[in-house]
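In what follows, every heavy atom counts, from backbone to side chain, and hydrogens, waters and symmetry copies are set aside. The chains referred to below are lettered A, B, ... by the order of the sequence lines, with proteins before strands, and numbering in each begins at 1.
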Protein chains: 2
Amino acid sequence: MAAPALSALSDPGGAVLPAPVFPDPDLSASGESFTISDLARAFDITPRTIRFYEGEGLIHPTRRGSQRMFSRADRARLAWILRGRAVGFSLADIRELLDMYAPGQSRSAQLKATLEKSRERIAALEAQRNALDATIAELSDFCRTIEDKI
Amino acid sequence: MAAPALSALSDPGGAVLPAPVFPDPDLSASGESFTISDLARAFDITPRTIRFYEGEGLIHPTRRGSQRMFSRADRARLAWILRGRAVGFSLADIRELLDMYAPGQSRSAQLKATLEKSRERIAALEAQRNALDATIAELSDFCRTIEDKI
DNA sequence: CCAGCAGTTGACGTGAACGTAAAGGTCATC
DNA sequence: GATGACCTTTACGTTCACGTCAACTGCTGG
């Protein structure tokens, strides 16, 4: 659970993920697009990871022949995924949330779902922290016991 | 990492794990011994888990024919293993520590090694907690942002 | 004598999140 | 036209801590 580099969350080079908002889904036509390793470098992950995410249905880059082409929207989406991952969502969670940003869902429903998931996650994280604190206390105690024996 | 039931740590029914001290390694000869499911029940784990630990070289019960027989020392050892597991040591860590309690090692060396590992673990746990706190903060922030949009 | 249970072994499955070949395509450049 | 950098695919490997199954043995009670 060693929280992955939070540094990868800033979506370098552009619109710093305005949360779940995907401003211009058609930006790909307007020129700016990225290669797989562009994004890999930008977010400090491997191309393999990105392909994996595609395989898992998290991103859907377009193709020029067989090569993946990532639009700004794709990049933002990836940033979103990484942000979710960084705060401990499973890929399944992330997919579930992302699926809500498909056509046919109301925006407020999307936001509400995201909010709810986030709150659940916070609760889980707080529980984890409490457990962690307990463990730390126990181990510290254990250390003291050992020190006494020396 | 959902800290496994800390309740299983008390070594029910006997010497409540006086830390890494195995008082009477020969108690098995003095009568008291346990079956695999005795211990499984006592520690609320499955027999499979115990066999797995044996396969991993963490416990070495004696045999009567093909049946495993667990002495009090074995039981204490198992309690020790579970305690280690509960505080987040990997089985590899645990094995490493347990190996030090083999003949030929000085007791103070054993204690020192255990102490060191424990301190490392505490440091790791504290780092984890800090990361967790940061994540919680970030997620809370994220929630606020979403709330504003609604 | 036989059912039933507790025990044994070994092999394979699980899940998460990728990593690691292997084998090949495509493109600009020297 | 050959080299190298980059891209593609499929497919199997990894780590951890077991769970699940199958097939078997051995003991005890009725």
Got C143(B) and S118(A) here, is their nearest side-chain heavy-atom distance under 4.5 Å? yes
Round to the nearest Å and state the distance from R63(A) atom CZ to dC7(D) atom P. 13 Å
Should L97(A) and W80(A) count as side-chain neighbours, where that means a heavy-atom distance under 4.5 Å? yes
Should the pair R41(B)-D38(B) be classified as a salt bridge under the 4.0 Å nitrogen-to-oxygen rule? yes
Provide, to the nearest angstrom, the distance between the CD1 atom belonging to I36(B) and the P atom belonging to dC18(D). 14 Å
Nearest-Å distance for atom pair CD/C1', residues Q67(A) and dG24(C): 14 Å
Expressed as a whole number of angstroms, how long is the span from R68(A):CZ to dT26(C):P? 15 Å
Do the charged groups of E147(A) and R119(B) touch, with an N to O distance under 4.0 Å? yes
If the condition is salt bridge (charged side-chain N to carboxylate O under 4.0 Å, His left out), which residues does R63(B) pass it with, not counting sequence neighbours? E54(B)
Please evaluate residues Y53(B) and R85(B) with respect to the criterion side chain to side chain donor-acceptor pair (under 3.5 Å), reporting the C-alpha separation (whole Å), side-chain torsions for both, the decisive distance (0.1 Å), and the verdict. CA-CA 12 Å; Y53(B) 288 165; R85(B) 188 184 72 167; 3.1 Å; yes
Between CD of E56(A) and C1' of dG15(C) the distance, given in whole Å, is 11 Å
Separation of dC12(D) P from R51(A) CZ (nearest whole Å): 18 Å
Closest heavy-atom pair, F70(A) versus I36(A), reported as atoms and distance to 0.1 Å, is CE1-CA, 3.7 Å
Reading 5' to 3' and counting Watson-Crick or G-U wobble pairs with both distances under 3.5 Å, write the dot-bracket notation for DNA chain C, | for bases paired outside the strand. ||||||||||||||||||||||||||||||
Does S66(A) place a side-chain N or O at less than 4.0 Å from the phosphate oxygens OP1/OP2 of dT9(D)? no
Step by step, would you call S140(A) with I122(B) a side-chain contact (heavy atoms from CB on, under 4.5 Å)? CA-CA 7 Å; S140(A) 300; I122(B) 288 177; 3.7 Å; yes
What is the distance, to the nearest angstrom, from the CD1 atom on I59(B) to the C1' atom on dA17(D)? 14 Å
Between D74(B) and R77(B) (salt bridge meaning N to carboxylate O under 4.0 Å), is one present in this structure? no
Give the rounded distance in Å between these two atoms: CD1 of I81(A) and P of dA17(C). 12 Å
The residue, R41(A) or F89(B), whose nearest nucleotide of DNA chain D is more 5′ is R41(A)
Between protein and nucleic acid, restricted to nucleotides 18-22 of chain C and to nitrogen or oxygen atoms under 3.5 Å apart, what atom pairs and distances do you find?
{"unit_1": "dC18(C)", "atom_1": "OP1", "unit_2": "R85(A)", "atom_2": "NH1", "d": "3.1"}
{"unit_1": "dC18(C)", "atom_1": "OP2", "unit_2": "Y53(A)", "atom_2": "OH", "d": "2.8"}
{"unit_1": "dC18(C)", "atom_1": "OP2", "unit_2": "R85(A)", "atom_2": "NH1", "d": "3.3"}
{"unit_1": "dG19(C)", "atom_1": "OP2", "unit_2": "T46(A)", "atom_2": "OG1", "d": "2.8"}
{"unit_1": "dG19(C)", "atom_1": "OP2", "unit_2": "T49(A)", "atom_2": "OG1", "d": "3.4"}
{"unit_1": "dG19(C)", "atom_1": "N7", "unit_2": "R48(A)", "atom_2": "NE", "d": "3.1"}
{"unit_1": "dG19(C)", "atom_1": "O6", "unit_2": "R48(A)", "atom_2": "NH2", "d": "3.0"}
{"unit_1": "dT20(C)", "atom_1": "O4", "unit_2": "R48(A)", "atom_2": "NE", "d": "3.0"}

